[in-house]
Amino acid sequence: MEEEKKDIPAAENPNRFTGLTLVKPKTVAAGIPAVIESASHILSEMGVTRGLKALNKLNQKDGYDCPGCAWPDPDDDRSRIAEYCENGVKAIAEEATTKTLTADFFAAHSVAELASLNDYEIGKKGRVAQPVYLPKGSTHYQPISWEVAFQKIATHLNALSSPDEAIFYTSGRTSNEAAFLYQLFAREFGTNNLPDCSNMCHESSGVALTESLGIGKGSVTLEDFYKAEVIIILGQNPGTNHPRMLSALQKAKENGCVIISVNPLKETGLIGFNNPQTIKGVLGIKPSLTDLFLQVKINGDMALLKAIEMLLLQEEEKNPGSVFDNEFISSHTTGYDEFISHLKKQNLNELSEQCGISSAEIKQAVEMLKHKKKIIACWAMGLTQHKNAVDSIKEIVNLLLLKGSIGKPGAGTCPVRGHSNVQGDRTMGIYEKPSAKFCDAIQKVFGFDPPRKPGYDTVESIYAMNNGSAKVFFAMGGNFLSATPDTLFTAEALRKTKLTVHVSTKLNRSHFVHGEEAIILPCLARSDKDVVNGEEQFVTTENSMGVIQSSKGNLNPVSENLLSEPVIVSRLAKAVMGHKSKVNWDNYLSHYDLIRDDIEKTIPGFSDYNKRVRKPGGFYLPNASRDKTFTTLTGKAQFNISEIHPVKLAPNEFLMMTIRSHDQFNTTIYGLNDRYRGVLNERRVIFMNAKDIAKQNLKAGDVVDIFNCEGGIERIAHKFIVVEYNIPEQCTATYFPETNVLVPINITADKSNTPVSKSVIIKIRAAG
Ligand SMILES: Nc1nc2c(c(=O)[nH]1)N[C@H]1C(S)=C(S)[C@@H](COP(=O)(O)OP(=O)(O)OC[C@H]3O[C@@H](n4cnc5c(=O)[nH]c(N)nc54)[C@H](O)[C@@H]3O)O[C@H]1N2
Ligand SMILES: Nc1nc2c(c(=O)[nH]1)N[C@H]1C(S)=C(S)[C@@H](COP(=O)(O)OP(=O)(O)OC[C@H]3O[C@@H](n4cnc5c(=O)[nH]c(N)nc54)[C@H](O)[C@@H]3O)O[C@H]1N2
Ligand SMILES: [Mo]
């Protein structure tokens, strides 16, 4: 039992049940129920007046960027009510809550007591309203002034025997301005230890796209969706995680586009959509989205794509020039001949067996694709979090290259990003392996030589803390403990450090599993008004399609004791570096325009930054792949050959994907319902196929322990309720982060080092 573990506070969530109710999964997303849900979250957290004020500026050109996902906003007119979704509203209610945590709260509740709450309860406590400090050996956080907090962090950092003993983590909500300053500070301090959430997210996409197309970002714009003939959606659940994408898909369909969805689960949002912002949607007209649903086995995507490509090749050979874009292939690609001979060696039956899709269904997909020339492929975590993720994504690119579907309107790659500014943070230099060009630019603009040796990514950071080579952990947002793999191992790592510091809006489990000393620095959130030097400031973000826009909160902050992230970094840098710093931090503390001026000098694509970003709607960053310019090693788009290495499961083993419910944003749990999947009021569940349940001599409703023994270590997630669900055999699903204890840190994706959160091998036994 977790409670009996001696190293309380436990790193794992407590094993209490909240009261499962099952209803039939929904067949249509959004509609009126979504409107009702949104309203209830706003009312309970912030009341009507503040709520309406916040929503009025959400995703507006003169407003602020939604802190939910990174889906883009329309370039043209934006409706006052249409540019946000149920989950965006929940994100706002969560961050703009009027509940605050002051000194009294921390005096009344010990760290151990807070750690015994579940994530939902922790989140509902409210906004951290002042800096707090946990001295060595102490049981309670206590108030600390900003100045003393910065001094303490500086003392720790300056006492390290090497700058590489510090780790500077970033989550993906940080603005461009804060991210730029943060990496500048870390590099002047002397380290590239800049892990980020992207390491666990779309890193595999970045690696695959850079190697095959020369740029680690997607190539499409929102306009392309409206011109596409076919959209393929693999490993993504837009109804929950990118709800505004459904409007784009609906518009695409109205323009005649066909949608193919590839997913082990028949996710509601992929199947049907009632747009709550249109009369038709309210009346429930035009609900269907997916034309062909392919219920692939977990990680069967590469086999499926190869099968499709192989049959397309046969069609092309029957009728040369009718299926492939030979002009594009010969002018813009390399590796075609080798790729074709590889395809010819494939066996359809084997591929069909590996992906779990019948050859009849594969042929249906081929029929839909063969005469089409404008294809968009969208994907997210269902593709990126596997051992062979990079190769699977390159296989998506192969398909698009055969069809000449890159670098023209209505076609291209669309890795759908998660956090609202995760793409921008990377553009700003939040990366443990900066390019020589980037380092040269820093040197030229700021006059110090940044470190060139690669730093730690997320997984490497955990090892480094665990083996004692890293001693200070600083997080710009996020919830490192709960988001990372192998929770107990990560907990051990964090507890071995001298100091953990979190710049946070809300409390989370990472604040309770800490180093010898710990500090929480409370910051302003997206929706908050940010006044510096008596003038309201704005920050900027980059969305999933490379658009840079301004973001300006309009709510009065819930406490006077909050600082903005750019201010926190500048003051920290001054405290740590003092007059040794070559950077003029005081400039940045006077006006954010001066930060943008220096970004413009350092990073390509930002010319006239301050002027262009003030234009409503912002501007697009350059993206060579959009113009068929491929900056790969060969100067051409690269066909890639990869082999399939199917995971061999014993009869009592299962693959487990850890996914998001409809009521959470990563580790922030908005509520306990997964409305679309019909699982209400409980998160400790495991979705299983009926046949598997029977084979294991279990029945729906039974309580099981989930475990595995990777690397000789037994990992156990205690007490999960079996839910019978439409999912392929030997595939299971649980919610992230409850089962992160089972994600083995020692198995990561080749080349991207991303934890394999969607293919965890597990066994199941009746709970002891
Ligand atoms: N409301 C809300 N919005 C969010 C987030 C949130 O937590 N809540 N998180 C944000 C972040 S950071 C991210 S990265 C994105 C995540 O967005 P998603 O990637 O949509 O999130 P997941 O829940 O991880 O869903 C993965 C989907 O892939 C499917 N899948 C799993 N394994 C496989 C596979 O092997 N093959 C295929 N084809 N499909 C598979 C699952 O069934 C599920 O539908 O959303 C962002 N937006
Ligand atoms: N098993 C499993 N693990 C996963 C995944 C999975 O699918 N399965 N997904 C992975 C993915 S895709 C991602 S992106 C990571 C997410 O990893 P993280 O980004 O580290 O985690 P979040 O839960 O998004 O972070 C939430 C915390 O951010 C803080 N916060 C919110 N807004 C702000 C702000 O404006 N400023 C600051 N400074 N702090 C803020 C709050 O304190 C909140 O508690 O998790 C990864 N982990
Ligand atoms: Mo993510």
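Just so you know, ligand 1 is whichever comes first in the structure, and atom 1 is the first atom listed for that ligand.
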*asked:* I'd like to check T240 versus Y676 (side-chain heavy atoms, cut-off strictly below 4.5 Å). Are they in contact?
replied: yes

*Quick one: does D750's side chain get under 4.5 Å of D391's, heavy atoms only?*
no

As an exercise, identify every atom of ligand 2 less than 4.0 angstrom from a heavy atom of [X].
X    : answer
H419 : 14 (S), 19 (O), 24 (O)
S504 : 39 (N), 42 (O)
V503 : 37 (C), 38 (N), 39 (N)
C523 : 36 (N), 37 (C), 38 (N)
G477 : 37 (C), 38 (N), 39 (N)

Does an N or O anywhere in [X] fall below 3.5 Å from an N or O of ligand 1?
X    : result
Y670 : no
R417 : no
M657 : no
M381 : yes
K297 : no

[atom] [closest protein heavy-atom partner, distance rounded to 0.1 Å]:
atom                    : result
atom 41 (C) of ligand 2 : T505 OG1, 3.5 Å
atom 38 (N) of ligand 2 : E565 OE2, 2.7 Å
atom 43 (C) of ligand 2 : N508 ND2, 3.7 Å
atom 8 (N) of ligand 2  : T658 OG1, 3.0 Å

*Indicate yes or no: does R426 engage D196 in a salt bridge with an N to O separation below 4.0 Å.*
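Yes, R426 and D196 are salt-bridged.
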
*asked:* Looking at K297 and E729, is there a salt bridge between them, counting it only when a charged N and a carboxylate O are closer than 4.0 Å?
replied: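 No, no charged N to carboxylate O under 4.0 Å.
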
*Would you check whether H386 reaches within less than 4.0 Å of ligand 1, judged by its heavy atoms?*
yes

Under 4.0 Å, heavy atoms only, figure out whether ligand 1 is touched by the backbone of [X], its side chain, both or neither.
X    : result
H242 : side chain
N87  : side chain
K758 : side chain

*Does even one non-hydrogen atom of H202 get within less than 4.0 Å of ligand 2?*
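Distance cut 4.0 Å: H202 fails for ligand 2.
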
*Among the heavy atoms of E95, does any lie under 4.0 Å from an atom of ligand 2?*
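Flag not set, E95 not near ligand 2.
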
*Select the closest option to atom 37 (C) of ligand 1 among D301, I727, N237, judged by heavy-atom distance.*
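It is D301 whose heavy atom sits nearest to atom 37 (C) of ligand 1.
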
_Selected option - heavy-atom contact closest to atom 40 (C) of ligand 1, from G68, P264, A70_ = P264

*Fit a plane to each ring of Y182 and F474, take the angle between them on a 0 to 90° scale, and name the class: parallel (under 30°), tilted (30 to 60°) or perpendicular (over 60°).*
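If you compare the ring of Y182 with that of F474, the planes turn out tilted.
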
*Indicate, as side chain, backbone, both or neither, the part of R526 found under 4.0 angstrom from ligand 2 when only non-hydrogen atoms are considered.*
neither

